[in-house]
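Numbers restart at 1 for each chain; the letters A, B, ... are given by sequence-line order, proteins then strands. Just so it is clear, the model here is predicted, and its values are computed rather than measured.
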Protein chains: 2
Amino acid sequence: MKTITIPSATISRLPVYLRSLGDMPPTQATISSEQLAQIVGLNSAQVRKDLSYLGAAGVRGVGYGVAELRVDLREALGLTHGYGVAIVGAGNLGAALSNYGGFEAWGFEMSAILDTDAAKIGESLGGLLIEDLVDLERIVKQRDVAIGIVATPASSAQDVVNRFVKAGVRSILNFAPAIVQVPSGVVVRRVDLSTELQILTYHLHHNEAAG
Amino acid sequence: MKTITIPSATISRLPVYLRSLGDMPPTQATISSEQLAQIVGLNSAQVRKDLSYLGAAGVRGVGYGVAELRVDLREALGLTHGYGVAIVGAGNLGAALSNYGGFEAWGFEMSAILDTDAAKIGESLGGLLIEDLVDLERIVKQRDVAIGIVATPASSAQDVVNRFVKAGVRSILNFAPAIVQVPSGVVVRRVDLSTELQILTYHLHHNEAAG
DNA sequence: TAGATTGTTAATCGATTAACAATC
DNA sequence: TAGATTGTTAATCGATTAACAATC
């Protein structure tokens with residue numbers, strides 16, 4: 001287990017670097033910090049600093065090997081594991097997520113989609129059968145689910161999170177517009193459409209970045 | 001036009017404060033910075049500092065009036081305008097977004113949903129007819145669309161963004177897993193499932209926040 | 001008045017970036 | 001060697017927080 005702590009700002013940029021490398025033409029064997037900075041819209045010093053946390057593979061005068069860098073980034077992010085993902089909520093958002101092709105491409109495995117609605121349970125979605133939320137704990141254990149996704153209305157979010165926590169899930173992605181409480185040791189990331197819209201609205205309202 | 005510049009970190013917390021106040025029981029007329037901090041998981045000094053940027057309505061020894069604070073937050077975020085929103089991409093994600101009830105609740109207006117797929121154009125989604133992307137510029141002008149949402153595959157994202165920019169849209173929310181380039185004056189926020197998953201994976205991999 | 005809580009300052013902390021020696 | 005670019009230091013910038021006077 002590595003003990004260097006990577007700053008959280010850097011961590012959230014690592015997936016962006018990784019994606020940028022994926023868009024690279026295969027003819028390009030190396031990339032400089034300056035080029036990468038251009039692509040992702042950052043300062044080249046920051047790129048070098050971020051990559052240095054990975055024990056980067058840069059070569060002075062040349063740049064970073066694209067292939068090596070990709071390996072280093074995947075390694076640092078822990079994308080070598082194939083973590084299982086369970087989605088709770090088989091509504092529109094759950095459907096969109098379960099049909100999102102990217103999961104497998106990034107090494108995640110869609111393990112289950114669950115709901116409480118008897119009318120939905122047993123239906124097929126994204127190649128999986130919708131299962132009953134009451135079975136969450138069993139499913140998490142049997143299929144080794146590591147990541148839980150909450151795609152329910154806000155009113156159910158805390159309950160669903162509690163169930164995930166009880167089942168032993170330590171990483172939760174919350175799409176419900178609600179702030180949920182979790183014990184320490186559990187990481188929750190929140191993605192909220194109305195928050196994003198409201199931040200955009202602030203900029204509209206204040207004419208920011210205008211000119 | 002107010003000229004005080006609110007730090008971007010504060011701006012992104014304002015919607016969170018606003019939502020927390022919405023969850024408040026109507027019996028509670030005032031709230032202290034300490035209470036609000038508890039709910040959103042922040043330091044009370046930070047809450048006071050954030051609210052002070054709004055020309056906050058706090059009363060020493062008492063706290064903030066819930067109703068006034070809500071008004072101040074909505075005002076600061078520019079939620080008094082009823083901005084029009086257009087979604088490009090009538091796939092699963094576009095469907096989820098167009099059915100997302102929160103738009104109107106927060107004062108946004110779903111103005112249009114567009115796609116390039118002839119099989120989808122003319123179909124109904126979230127109460128709107130799916131329209132042809134080639135008509136985007138006309139639609140933006142006629143319906144005064146202020147915010148564009150990109151819900152297409154990554155490969156189309158830059159093209160769609162270009163169309164939004166050409167049509168005069170200055171605020172874009174990008175759900176496609178692609179980094180897009182825009183001229184200065186245009187604000188893009190990116191929401192990317194695989195980035196979020198990868199950040200969670202980092203924490204899993206490094207056993208962070210464990211204990 | 002005594003207790004509570006704001007608004008704000010000053011201290012701290014962390015993140016970004018300019019600069020440059022190291023070196024391919 | 002000359003040119004390019006890294007890795008890292010030190011300076012800067014910005015954001016968080018402790019502390020406390022102001023005051024309801």
Asker: Identify, residue by residue, the members of residues 13-21 of chain A with a heavy atom below 4.0 Å from DNA chain D, and return them in order of residue number, or none.
Answerer: none
Asker: Give a yes or no answer on whether the side chain of Asp115(A) reaches the backbone of Ala90(A) with a donor-acceptor pair at less than 3.5 Å.
Answerer: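 It does hold such a pair.
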Asker: Identify the heavy atoms of Ala157(B) and Asn174(B) that sit nearest to each other, and give their distance.
Answerer: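 Looking at all heavy atoms of both residues, the closest pair is CB-OD1, 4.3 Å.
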Asker: Given the rule in the side chain to side chain donor-acceptor pair (under 3.5 Å) test, do Gln46(B) and Asp50(B) qualify, once you have shown the distances and angles that lead to the verdict?
Answerer: CA-CA 6 Å; Gln46(B) 186 165 77; Asp50(B) 285 343; 5.5 Å; no
Asker: Start at the 5' end of DNA chain C and walk down; is the nucleotide closest to Gln46(A) or to Val59(A) reached first?
Answerer: Gln46(A)
Asker: Looking only at heavy atoms, what is the nearest atom pair of Val165(B) and Pro183(B), with distance?
Answerer: CG1-CG, 3.7 Å
Asker: Can you pull out the residues from residues 60-69 of chain B that lie within a 4.0 Å heavy-atom distance of DNA chain C?
Answerer: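 Listed by number, they are Arg60(B), Gly61(B), Val62(B), Gly63(B), Tyr64(B).
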Asker: Which atom names give the shortest non-hydrogen contact between Ile113(B) and Gly89(B), and what distance separates them?
Answerer: CD1-O, 4.0 Å
Asker: Donor-acceptor pair, Asp135(B) side chain versus Ile139(B) backbone, under 3.5 Å?
Answerer: no
Asker: Does Arg143(A) reach the main-chain N or O of Ala112(A) with its side chain, forming a donor-acceptor pair under 3.5 Å?
Answerer: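 The answer is no, because no donor-acceptor pair under 3.5 Å joins these two groups.
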Asker: Taking Watson-Crick (N1-N3 plus N6-O4 or O6-N4) and G-U wobble (N1-O2, O6-N3), each under 3.5 Å, can you produce the dot-bracket string of DNA chain D? Use [ ] for crossing pairs and | for inter-strand ones.
Answerer: ..||||||||||||||||||||||
Asker: Heavy atoms only: give me the nearest Val169(B)-Val145(B) pair and the separation to one decimal.
Answerer: CG2-O, 4.0 Å
Asker: What is the nucleic acid contact for Thr10(A), judged by heavy atoms within less than 4.0 Å: base, sugar-phosphate only, or nothing?
Answerer: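 Touches nothing.
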Asker: Using chain A heavy atoms and a threshold of under 4.0 Å, write down where along DNA chain C the contacts begin and end, 5' to 3'.
Answerer: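 Contact span on the strand: dA15(C) to dC24(C).
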Asker: Quick one: list whatever passes salt bridge (charged side-chain N to carboxylate O under 4.0 Å, His left out) with Glu137(B), sequence neighbours left out.
Answerer: Lys141(B), Lys166(B)
Asker: Taking the side chain from Glu75(B) and the backbone from Thr80(B), do they hold a donor-acceptor pair closer than 3.5 Å?
Answerer: no
Asker: Arg19(A) side chain to Pro177(B) main-chain N or O, any donor-acceptor pair under 3.5 Å?
Answerer: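 Checked: pair present.
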Asker: In residues 35-44 of chain B, which residues come under 4.0 Å of DNA chain C by heavy atom?
Answerer: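 Nucleic-acid contacts, sorted: none.
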Asker: Within the structure provided, determine whether Leu14(A) and Tyr17(A) are in side-chain contact (heavy-atom separation under 4.5 Å).
Answerer: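 Touching, per the 4.5 Å side-chain cut-off.
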Asker: Arg48(B) vs Ser44(B), test: side chain to side chain donor-acceptor pair (under 3.5 Å). Steps then yes/no.
Answerer: CA-CA 6 Å; Arg48(B) 292 197 296 282; Ser44(B) 69; 3.3 Å; yes
Asker: For DNA chain D, whose closest nucleotide is more 5', that of Ala45(B) or that of Ser33(A)?
Answerer: Ser33(A)
Asker: For Ser8(B), does its backbone N or O pair with a side-chain atom of Ser12(B) as donor and acceptor, under 3.5 Å?
Answerer: yes
Asker: Check Leu204(A) against Ile147(B) and note the closest heavy-atom contact, atom names and distance.
Answerer: CD1-CG1, 3.7 Å
